[in-house]
Number of protein chains: 2
Amino acid sequence: MTAVAVTRKPRIAKKRGYHHGDLAQALKQAALRLIDERGLEAFTLREAARAVGVTHPAAYRHFEDKRALLAAIAEEGFVALTGEMTAATDTIRGDVFERVSAIGRSYVRFALERPAEFRVMFGPRLNADGRFTALAEVVAAAFQVLISEIETGQARKVLRDGKPRDLASALWISAHGYASLVLYDKITVRSPARAETYFLELLQPLYDGLRRKR
Amino acid sequence: MTAVAVTRKPRIAKKRGYHHGDLAQALKQAALRLIDERGLEAFTLREAARAVGVTHPAAYRHFEDKRALLAAIAEEGFVALTGEMTAATDTIRGDVFERVSAIGRSYVRFALERPAEFRVMFGPRLNADGRFTALAEVVAAAFQVLISEIETGQARKVLRDGKPRDLASALWISAHGYASLVLYDKITVRSPARAETYFLELLQPLYDGLRRKR
DNA sequence: ACCTGAACACCGTTCAAGT
DNA sequence: ACCTGAACACCGTTCAAGT
């Protein structure tokens, strides 16, 4: 966007020959760092290549194009998110209600701790044309964590009736809406540490509404 | 992103001299059309200028830079959204609960009917550096519609207790989370016509939870 | 198999110059 | 006051050529 005049920093070690490592992985990590520092819109493939000490066309040996690099990051992000949500419930055995709210909390934590990944996962419409089928699959897998939890909650007569997909959507919407509005500067949180508990405070009405009447 | 080889279309009427109209307005409209057609990431200032028949540096007479053009679009978008939300309650006199859910519905409708504006409003972090104070103000004004409605709902003992800001945030989160997940292809709606009622279905637990126990 | 050099068709931004 | 022409420092993508 802005054409800044940068004093050409001489490559520390002028690489000759191959990168001799996992260049694909290195490019993804460089990309995330750059997105963290200057934002998604300012991110360029060329800069990522420079950061790992390789000429920019080398990236095309590992990714079809720029969008494919971002899609790879998004894909890994959804896998990581699924892992976090699953891990969140591991510590909580009994109360399904506690488990469900722990999943919501872990979603929010992921978004705020790894904002660059979150933005890549939800910012650009990478898969508008359905090009990245693997990406669509890991998105579905993440959602499935919510659905399964709702199902066991309903089976134990803790959660209200309704299609599991729909109740799970409500959960996803609440965690995603909160995370998005915070990350995109629309809702202000006093301190990052309070972000998770504030989420539970705000969405208490929803959680109350999800509880089965007794 | 993609460098398409376009056969240079000769300008229909080779404009000489001034645009002789509201160029700023024309650029904003052209921008929205282009974003609608090819997405926010593909949008360029130069193409918008070409579309209205003016050389690209002419845009800088009306906007400081590309971000400022997008910020102007976002600003008008928030004003329009505030108008829609206010209008949504005008038809409903009595039940505060009905009014609150009408606001949510109008938010969702706005997002799905005017996706380009919605994406500009919430997609790029235009105001991350607090550069556009007017934009921040219209965002706050839109939020205020929700807060006011919550306040009267509480005064009439229809809505549960709690800080109006917090209950209003819950509403915003739900409408925004739903709209975002639908617009960014994460939640699928059977038909666009069903999108609004599906929203109410999904968030029924939240609305139930917002109701004051009696 | 993996990377470089060079090229192409674009960008956003600036600025002197034109009317 | 408003716009153009020309220039600058970038992009993403392609491809022949090198090791």
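Here the structure is a predicted model, which is why all the values come from computation and not from measurement. Below, all heavy atoms of this structure are taken into account, side chains as well, without hydrogens, waters or symmetry copies. So that the names make sense, note that chain A is the first sequence line, chain B the second, and so on, each numbered from 1.
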How many whole angstroms separate atom [atom1] of [X] from atom [atom2] of [N]?
| X | N | atom1 | atom2 | value |
| --- | --- | --- | --- | --- |
| A:L69 | D:dG12 | CG | C1' | 13 Å |
| A:L70 | D:dT13 | CG | P | 10 Å |
| A:R50 | D:dG12 | CZ | P | 9 Å |
| A:K66 | D:dC11 | NZ | P | 10 Å |
| B:R46 | D:dG5 | CZ | C1' | 12 Å |
| A:L23 | C:dA1 | CG | C1' | 13 Å |
| A:Y60 | C:dC2 | OH | P | 18 Å |
| A:L40 | D:dC11 | CG | C1' | 15 Å |

Yes or no on side-chain contact (heavy atoms from CB on, under 4.5 Å) for B:E37 and B:L34, after CA distance, side-chain angles and deciding distance? CA-CA 5 Å; B:E37 286 170 5; B:L34 292 170; 4.3 Å; yes

Is any side-chain nitrogen or oxygen of A:H56 closer than 4.0 Å to OP1 or OP2 of C:dT4?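 No, no such contact exists.
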
Can you see if the side chain of B:T44 gets near the phosphate of C:dC11 - specifically, an N or O under 4.0 Å from OP1 or OP2?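 Indeed, a polar side-chain atom of B:T44 lies that close.
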
Per the side-chain hydrogen bond (donor to acceptor under 3.5 Å, both in side chains) rule, what does the pair list look like for residues 97-106 of chain B, sequence neighbours excluded?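 Matches after skipping sequence neighbours: B:R99-B:E149.
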
For the side chain of B:T55, starting at C-beta, report the closest nucleotide among D:dG12, D:dT4, D:dC3.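 That would be D:dT4.
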
Side chain of A:P57 - closest among D:dG12, C:dG5, D:dT4: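 That would be C:dG5.
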
Output all residues satisfying side chain to side chain donor-acceptor pair (under 3.5 Å) with A:T152, sequence neighbours left out; order by chain, then residue number.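 Applying side chain to side chain donor-acceptor pair (under 3.5 Å) to A:T152 gives none.
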
With nearest nucleotide decided by heavy atoms, which residue, A:R61 or A:L45, maps closer to the 5′ end of DNA chain D?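 In this pair, the answer is A:L45.
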
Heavy-atom neighbours of A:R131 CZ exceed 12 at 6.0 Å: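 Yes, enclosed.
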
Once the angle between the rings of B:Y207 and B:F97 is folded into 0 to 90°, is it parallel (under 30°), tilted (30 to 60°) or perpendicular (over 60°)?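 Rings of B:Y207 and B:F97: perpendicular, as their planes differ by over 60°.
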
Pairing of A:K28 and A:E75 as salt bridge, 4.0 angstrom limit: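 Salt bridge flag = no for A:E75 with A:K28.
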
What dot-bracket string describes DNA chain C from 5' to 3', counting Watson-Crick and G-U wobble pairs whose defining distances are under 3.5 Å, with [ ] for crossing pairs and | for pairs to another strand? ||.|||||...|||||.||

Please evaluate residues B:T197 and B:E201 with respect to the criterion side-chain hydrogen bond (donor to acceptor under 3.5 Å, both in side chains), reporting the C-alpha separation (whole Å), side-chain torsions for both, the decisive distance (0.1 Å), and the verdict. CA-CA 6 Å; B:T197 55; B:E201 259 178 71; 4.9 Å; no

